[in-house]
J.: 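Take a look at the following structure, please.
Everything quoted here is computed from the prediction, not taken from an experiment. Chain identifiers are assigned alphabetically (A, B, ...) following the order of the sequence lines, protein sequences preceding nucleic acid strands; residue numbering begins at 1 within each chain.
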Protein chains: 2
Amino acid sequence: MSAPVGDAHIAVVQTVPEFGAIERNRRATVEAVEANADADLVVLPELATSGYVFESRAEVDAAAEPADGPTATAWADVAAETDTWIVGGFPERDGEATYNSSLIVSPDGVEGVYRKVHPWNEEKRWFDPGEKVPTVRTPFGRLGVQICNDLWFPELTATQALAGVDVIAVPTNWVPEPAARPAGWTMGVHQAVAAANANRVFVACADRAGTEREIPFEGQSVVVDPDGVPVAGPLPDTGSYTATADCDLRRAREKALTERDDVLGDRRPDVYEV
Amino acid sequence: MSAPVGDAHIAVVQTVPEFGAIERNRRATVEAVEANADADLVVLPELATSGYVFESRAEVDAAAEPADGPTATAWADVAAETDTWIVGGFPERDGEATYNSSLIVSPDGVEGVYRKVHPWNEEKRWFDPGEKVPTVRTPFGRLGVQICNDLWFPELTATQALAGVDVIAVPTNWVPEPAARPAGWTMGVHQAVAAANANRVFVACADRAGTEREIPFEGQSVVVDPDGVPVAGPLPDTGSYTATADCDLRRAREKALTERDDVLGDRRPDVYEV
């Protein structure tokens, strides 16, 4: 909890990747960071370099790269150039294993990698599950990462909040659920609102948009503050956009709601059976 | 998990109690159950008999009653008369202790009592915290209870879902939060949507309305289905209303989202540090 904390200008970048066009997609992410050079943190979508709808192991192998590969180099270069932190998704190769991962990059280089702990559906064919929940000290606060389906498992957000995380960057590829959209929002936005509010953290979700191999993605990238209020977005369902918010991350250190209530201190792990 | 499950006609009753007017408030709850005699389950607000804004121990003592007191008798009588289950809130006296409790009443009588595990703010002056998370077998499915602030602690919903609960009845007294209402909803509705969707359970919230000792309550009683969709309500912010929904609780037994995904099976307790 001794990490510094302060103001952060946060940008969530909603892109429309082209499946398998890695050079093109990577260039789009670099250009998005350059276009948000005033940001302290730029969040990019899940699997931003590759696209999402893999149909074969060969396609995964063609797209996957190590955590110090060309995407890491490209993002480290633009992070240094713009003095910006970046969290963005890519398919990671590590020996025999592949992961649905996000790089955490600072102006000084790669600071860490988060491997999706809760892979979704066909991802389980292609990707190994992550086993760790790293947190990273930044000049603006402690940073955690979730990827898409992770948001549906609130114990992960609690794990991060208890570890002192102030802002959770969420690269995502939200797909429609069978149900209608309550209040017009895709369910991921509701989960982000609930998670931010229950733990008093900032949650910054960068979704992709566009339709890929007949799968539509939901857009609606959003930044939610510790009250559970969207302070940027939700962005439109379709198209490339960026939403930005000036966030005082000190607010995430204030877990007390009244002189008697504290969102972390009032937890009852003695009662939960989880 | 061997409990029966089936269709349930669920009513969430939004009342406007008058502080300290216990006979009047109790009668209003009985009349509300009679008016919903076709319901399988009627949910009443938190502290429905007493009102909420206590200012002294004497006021609590005057309102509190044992779990087999006059409110239990009144609700058991009307439950038998209407062949309805009831979950409703009252201040409970048990020896030296007092609890912010909810009775669980069947047509056969009192089936259990749930004591609020996460008391809020000044409640901590008046009430002891609950220590148990009972679940009750009903003809329409397994029933759990939360009270108001409990909804902000997702591990409680997970505890209930893992115990086989199909529907969570939530007597509540939501008060405004400092922030705006995203999508027009008080934050409790967002928490109910997220909890129902993440665990694939029904969540039926009966809120009170009205202003008491200058504290306004939020109304917006709601029934949320396992997709996270409000299937009844949110009701208006002010006034007495009832929202009803025909719920197929079998849907809460379907935790699989795809052939590869299961909302309970995909949890990662090996990774969470909560």
J.: For chain A and chain B, give me every donor-acceptor pair shorter than 3.5 Å, distances to one decimal.
T.:
unit_1, atom_1, unit_2, atom_2, d
A:V117, O, B:R268, NH1, 2.9
A:H118, NE2, B:Y272, OH, 2.7
A:N121, N, B:D261, OD1, 2.9
A:N121, N, B:D261, OD2, 3.0
A:N121, OD1, B:R260, NH1, 3.2
A:K124, NZ, B:R260, O, 2.6
A:K124, NZ, B:D261, OD1, 2.9
A:K124, NZ, B:D266, OD1, 3.2
A:K124, NZ, B:D266, OD2, 3.0
A:G130, O, B:R268, NH1, 3.1
A:G130, O, B:R268, NH2, 3.4
A:E131, OE1, B:R268, NH2, 2.7
A:W152, NE1, B:N197, OD1, 2.7
A:E155, OE2, B:R267, NE, 3.3
A:E155, OE2, B:R267, NH2, 2.7
A:T159, OG1, B:E273, N, 3.0
A:Q191, NE2, B:A194, O, 3.1
A:Q191, NE2, B:N197, OD1, 3.0
A:A194, O, B:Q191, NE2, 3.1
A:N197, OD1, B:W152, NE1, 2.7
A:N197, OD1, B:Q191, NE2, 2.9
A:R260, O, B:K124, NZ, 2.6
A:R260, NH1, B:N121, OD1, 3.2
A:D261, OD1, B:N121, N, 2.9
A:D261, OD1, B:K124, NZ, 2.9
A:D261, OD2, B:N121, N, 3.0
A:D266, OD1, B:K124, NZ, 3.2
A:D266, OD2, B:K124, NZ, 3.0
A:R267, NE, B:E155, OE2, 3.3
A:R267, NH2, B:E155, OE2, 2.7
A:R267, NH2, B:V274, O, 2.9
A:R268, NH1, B:V117, O, 3.0
A:R268, NH1, B:G130, O, 3.1
A:R268, NH2, B:G130, O, 3.4
A:R268, NH2, B:E131, OE1, 2.7
A:Y272, OH, B:H118, NE2, 2.7
A:E273, N, B:T159, OG1, 3.0
A:V274, O, B:R267, NH2, 2.9

J.: Which residue out of A:P119, A:G130, A:G184 racks up the most heavy-atom pairs below 4.5 Å with chain B?
T.: A:G130
J.: Please look at B:V224 and chain A and tell me whether the side chain, the backbone, both or neither of the residue comes under 4.5 angstrom of a heavy atom of that chain.
T.: neither
J.: Only counting residues at least two apart or in another chain, list the ones meeting side-chain contact (heavy atoms from CB on, under 4.5 Å) with B:A8.
T.: B:I10, B:D40, B:F140, B:L249
J.: Of all residues at least two apart in sequence or in a different chain, which pass the side-chain contact (heavy atoms from CB on, under 4.5 Å) check with B:A169?
T.: B:V43, B:V87, B:L143
J.: According to ring pair (Phe, Tyr, Trp, His ring centres under 6.0 Å), does anything in residues 242-266 of chain B pair up with another residue at least two apart or in another chain? List the pairs.
T.: none
J.: Out of B:A158, B:A180, B:A195, B:P182, return the one with the most heavy atom pairs under 4.5 angstrom to chain A.
T.: B:P182
